[in-house]
Visitor: 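Here it is, the structure in full.
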Amino acid sequence: MITLFRRLRRPADAARTFYLFDAGFAGFNALAFTLVMVYQVQVVGLTPLQLVVVGTVMEATCFLGEIPTGVIADRYSRRLSVLIGLPIIGAAIILQGAVPEFAAILVAQVIWGIGWTFVSGANQAWITDEVGVDAVQPVLTRGHQLALGLSFAGTVLAGVLGLVALQLPIIVGGIGFVILAGVLALIMPERNFTPDPDARAGTAWATLLGTFRSGLGQVRRRPLVRWFFVISLLFGLSSEVIDRLWTARILETFTLPTVFGRTEPALWFAAFAVIGSLISMISSIVVNRAAPGLVTGARPGRVLAVLVLVQAGAVLLLALSGHLWLAMAAVWLRLAAGSIAYPIQATWLNRQLESKSRATVLSMNGQADAIGQVVGGPPLGALAGLTSIPVALVGSALIMSPAAALYVRLGGRRKRSLVSESR
């Protein structure tokens with residue numbers, strides 16, 4: 001038994017460990033969140049404004065926690081940061097499913113946000129250092145594709161468990177995050193990161209502040225990084241209402257079909273999520289194989305601009321459609337475009353950052369998104385309550401659209417090396 005434990009504790013290959021993390025995170029996330037909006041609407045009975053407030057509380061927590069946790073990842077250990085965050089996320093998810101009350105769900109969002117900020121930025125910074133900035137794009141892309149596959153499995157399982165009780169997949173998903181943290185604690189390597197010696201010499205606050213200043217310096221020196229922050233802000237302003245209200249839009253507007261005498265939302269929304277995962281996975285694989293140059297280009301601004309317009313158009317279609325399957329096609333189209341865009345955008349941003357403060361800057365970027373969701377969510381949620389959900393969705397699409405022009409602007413800028421930008 002001791003020999004087996006020692007073997008399990010041996011660090012694994014970094015890329016394979018990242019695949020396990022990405023796929024496991026996505027699978028348990030799909031299990032926990034596939035039916036969470038249905039649960040919040042039908043079991044807890046949240047209104048459209050309450051649904052948005054739940055998301056706003058979570059994003060406000062992310063906003064407050066992104067920088068401190070990102071700095072910790074840079075100064076102490078990216079691996080440790082991930083291992084702290086995962087069980088906290090699991091505990092928050094378990095609480096949300098176990099106590100179907102608005103107040104409990106709000107508390108769960110605070111706990112989840114704290115856990116997420118430990119993981120956010122640290123995971124990408126960790127794998128970028130372990131495999132190298134020049135080799136990280138294929139790893140991120142492959143990890144994302146595996147994540148889509150496990151999302152599919154998690155979604156199917158959520159549908160099965162949801163037929164028993166809507167809370168059950170949420171609780172099981174939370175337990176899965178705790179288990180994932182335990183497995184990674186045994187095998188996750190960290191060979192290419194050297195913690196700052198001052199961080200262990202009793203000068204924690206000084207070193208945290210120093211890393212924050214280093215990250216802020218990168219933002220000031222590099223216009224491209226600043227524009228990425230603006231784009232994240234625009235997506236944050238628009239995405240909160242889309243993510244929180246699309247389920248309510250379907251439930252309130254359309255009658256779900258009867259299949260084998262059953263019309264349970266758990267069955268249908270699991271099926272919707274399965275189809276969305278498959279479409280996103282196939283889209284990512286096809287684009288990467290058919291046009292690898294688009295994905296691996298040094299400055300893929302035009303590609304990302306097109307994907308932004310596709311997402312905005314999909315949201316408009318969701319808002320205006322009077323047919324169930326056309327509305328769901330819009331949801332799936334938005335997911336597919338986002339799936340293709342994620343590894344491209346992440347790779348492009350990581351290329352601009354120095355290793356010593358990479359996690360901090362990535363956390364700042366996440367914070368820009370959180371600011372947008374905190375600022376944009378409640379007004380658009382209130383607009384949905386005063387008028388209708390489709391009106392709020394149209395507003396979200398309009399807010400998102402300028403990001404396309406910004407990506408074109410970035411793609412047209414004269415290419416500069418990291419050395420010249422840092423002078």
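Residue numbers run from 1 in the order of the sequence given.
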Visitor: Given 3.5 Å as the limit, does a donor-acceptor pair link the side chain of Arg142 with the main chain of Tyr19, or not?
Guide: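 Flag not set: sc Arg142 to bb Tyr19 has no pair under 3.5 Å.
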Visitor: Once ring pair (Phe, Tyr, Trp, His ring centres under 6.0 Å) is applied, do any residues pair with Phe25, and if so which ones, sequence neighbours excluded?
Guide: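 Partners of Phe25 by the ring pair (Phe, Tyr, Trp, His ring centres under 6.0 Å) criterion, ordered by chain and then number, come out as Phe21, Trp116, Phe177.
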Visitor: Grab the two heavy atoms, one from Pro379 and one from Gly376, that are nearest each other, plus how far apart they are.
Guide: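 Minimum heavy-atom separation between Pro379 and Gly376: CD-O, 3.5 Å.
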Visitor: Measure from the side-chain N and O atoms of Glu130 to the backbone N and O of Asn192, and report whether any donor-acceptor pair falls under 3.5 Å.
Guide: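 Checking the backbone N and O of Asn192 against the side chain of Glu130, a donor-acceptor pair under 3.5 Å is found.
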Visitor: Do you know which two heavy atoms are closest between Arg249 and Pro390, and how far apart they sit?
Guide: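 The answer is NH1-CG, 3.5 Å.
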Visitor: Begin from the C-alpha positions of Phe269 and Thr247 and carry the test side chain to side chain contact (heavy atoms under 4.5 Å, CB included) through to its verdict.
Guide: CA-CA 9 Å; Phe269 277 88; Thr247 302; 3.5 Å; yes
Visitor: Counting distance only, does the side-chain N/O of Thr253 pair as donor-acceptor with the main-chain N or O of Ile250 below 3.5 Å?
Guide: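 Absent.
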Visitor: If I compare all heavy atoms of Ala270 with all of Leu35, which pair ends up nearest, and what's the gap?
Guide: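 Distance-wise, the nearest heavy atoms are N-CD2, 4.0 Å.
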Visitor: Starting at CD1 of Ile340, measure out to CD1 of Ile285 and round the result to the nearest 0.5 Å.
Guide: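 One finds 11.0 Å between CD1 of Ile340 and CD1 of Ile285.
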Visitor: Check whether Ser388 reaches the backbone of Ala384 with its side chain - one donor and one acceptor, N or O, closer than 3.5 Å.
Guide: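 It does not hold such a pair.
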Visitor: Leu324 versus Pro257: any side-chain heavy-atom pair under 4.5 Å?
Guide: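 With C-beta onward as the side chain, the pair touches.
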Visitor: Between the main-chain N or O of Ala185 and the side-chain N or O of Arg79, is there a donor-acceptor pair closer than 3.5 Å?
Guide: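 The answer is yes, because a donor-acceptor pair under 3.5 Å joins these two groups.
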Visitor: Taking Trp227 for its side chain and Leu406 for its backbone only, find out whether a donor-acceptor pair lies under 3.5 Å.
Guide: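 Not a single qualifying donor-acceptor pair exists.
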Visitor: Between Val308 and Ser401, is a side chain to side chain contact (heavy atoms under 4.5 Å, CB included) present by the stated rule, with each step listed?
Guide: CA-CA 7 Å; Val308 169; Ser401 299; 5.8 Å; no
Visitor: Can you tell me how far apart CE (Met328) and CD1 (Ile275) are? Round to the nearest 0.5 Å.
Guide: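 Here the interatomic distance stands at 7.5 Å.
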Visitor: So, the side chain of Ser81 versus the backbone of Phe118: is there a donor-acceptor pair under 3.5 Å, distance only?
Guide: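 Answer holds: yes.
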Visitor: As an exercise, state the distance from CG of Leu184 to CD1 of Ile187, rounded to the nearest 0.5 Å.
Guide: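 Reported value, rounded in 0.5 Å steps: 6.0 Å.
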Visitor: Provide the closest heavy-atom pair for Pro87 versus Ala181 in the form atom of the first, atom of the second, distance.
Guide: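 Between these two residues, the closest heavy atoms are CD-CB, 3.6 Å.
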Visitor: To the nearest 0.5 Å, what is the distance between OG (Ser238) and CD1 (Ile399)?
Guide: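 Interatomic distance, Ser238 OG to Ile399 CD1, rounded to 0.5 Å: 6.5 Å.
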Visitor: Can you pull the side-chain hydrogen bond (donor to acceptor under 3.5 Å, both in side chains) pairs that have at least one residue in residues 371-383, sequence neighbours excluded?
Guide: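 Found Glu59-Gln373, Asp369-Gln373.
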Visitor: Answer whether the closest heavy-atom distance between the side chains of Phe18 and Leu140 falls below 4.5 Å.
Guide: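 Side-chain contact under 4.5 Å: yes.
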Visitor: Give every residue pair that meets the side-chain hydrogen bond (donor to acceptor under 3.5 Å, both in side chains) criterion with at least one member in residues 323-346, sequence neighbours excluded.
Guide: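 Every pair satisfying side-chain hydrogen bond (donor to acceptor under 3.5 Å, both in side chains) with a residue in residues 323-346: Gln124-Tyr342, His144-Ser339, Asp243-Arg334.
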Visitor: Could you check if a side-chain atom of Phe152 sits within less than 4.5 angstrom of a side-chain atom of Thr155, using non-hydrogen atoms only?
Guide: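 The answer is no; the side chains never approach within 4.5 Å.
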Visitor: Does some side-chain heavy atom of Leu304 sit less than 4.5 Å from a side-chain heavy atom of Ile344?
Guide: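 Answer yes - side chains close enough.
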Visitor: Do Leu320 and Val394 have side chains that approach each other closer than 4.5 Å (heavy atoms only, starting at C-beta)?
Guide: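 They are in contact (side-chain heavy atoms under 4.5 Å apart), so the answer is yes.
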Visitor: Going by heavy atoms in the side chains, are Val139 and Ile127 under 4.5 Å from each other?
Guide: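 The answer is yes; the side chains approach within 4.5 Å.
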Visitor: For side chain to side chain contact (heavy atoms under 4.5 Å, CB included), just list the numbers for Thr34 and Phe272, CA-CA rounded to whole Å, side-chain angles, deciding distance to a tenth of an Å, and then say yes or no.
Guide: CA-CA 9 Å; Thr34 293; Phe272 293 156; over 6 Å; no
Visitor: For residues Ser321 and Ala327, report the shortest heavy-atom separation together with the two atoms involved.
Guide: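 Closest heavy-atom pair between Ser321 and Ala327: OG-N, 3.6 Å.
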Visitor: Do the side chains of Trp126 and Pro189 get nearer than 4.5 Å, heavy atoms only?
Guide: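 They are in contact (side-chain heavy atoms under 4.5 Å apart), so the answer is yes.
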Visitor: Quick one: pull up CG in Leu251 and CG in Leu256 and give me the separation to the nearest 0.5 Å.
Guide: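 Atom-to-atom, Leu251:CG and Leu256:CG are 6.5 Å apart.
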Visitor: Side chains of residues 103-111: which donor-acceptor partners sit under 3.5 Å, not counting sequence neighbours?
Guide:
| unit_1 | atom_1 | unit_2 | atom_2 | d |
| --- | --- | --- | --- | --- |
| Gln109 | NE2 | Gln96 | OE1 | 3.4 |
| Gln109 | NE2 | Ile105 | O | 3.1 |

Visitor: Stepwise, does the side chain to side chain contact (heavy atoms under 4.5 Å, CB included) test hold for Val303 with Leu307?
Guide: CA-CA 6 Å; Val303 176; Leu307 293 172; 4.2 Å; yes
Visitor: Do Thr61 and Ile114 have side-chain heavy atoms sitting under 4.5 Å apart?
Guide: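 A side-chain contact under 4.5 Å exists here.
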Visitor: Please tabulate, for side-chain N and O atoms in residues 45-57, each donor-acceptor pair with protein atoms closer than 3.5 Å (sequence neighbours left out).
Guide:
| unit_1 | atom_1 | unit_2 | atom_2 | d |
| --- | --- | --- | --- | --- |
| Thr47 | OG1 | Gln50 | N | 3.2 |
| Gln50 | OE1 | Thr47 | N | 2.9 |
| Thr56 | OG1 | Val52 | O | 2.9 |

Visitor: Rounded to the nearest 0.5 Å, how far apart are CG of Leu318 and CD1 of Ile389?
Guide: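 Taking CG in Leu318 and CD1 in Ile389, the distance rounds to 9.5 Å.
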Visitor: Give every donor-acceptor pair under 3.5 Å between a side-chain atom in residues 157-175 and any protein atom, sequence neighbours left out.
Guide:
none

Visitor: Closest approach of Val241 and Ser396, non-hydrogen atoms and distance?
Guide: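 Reported closest heavy-atom pair: CB-OG, 3.8 Å.
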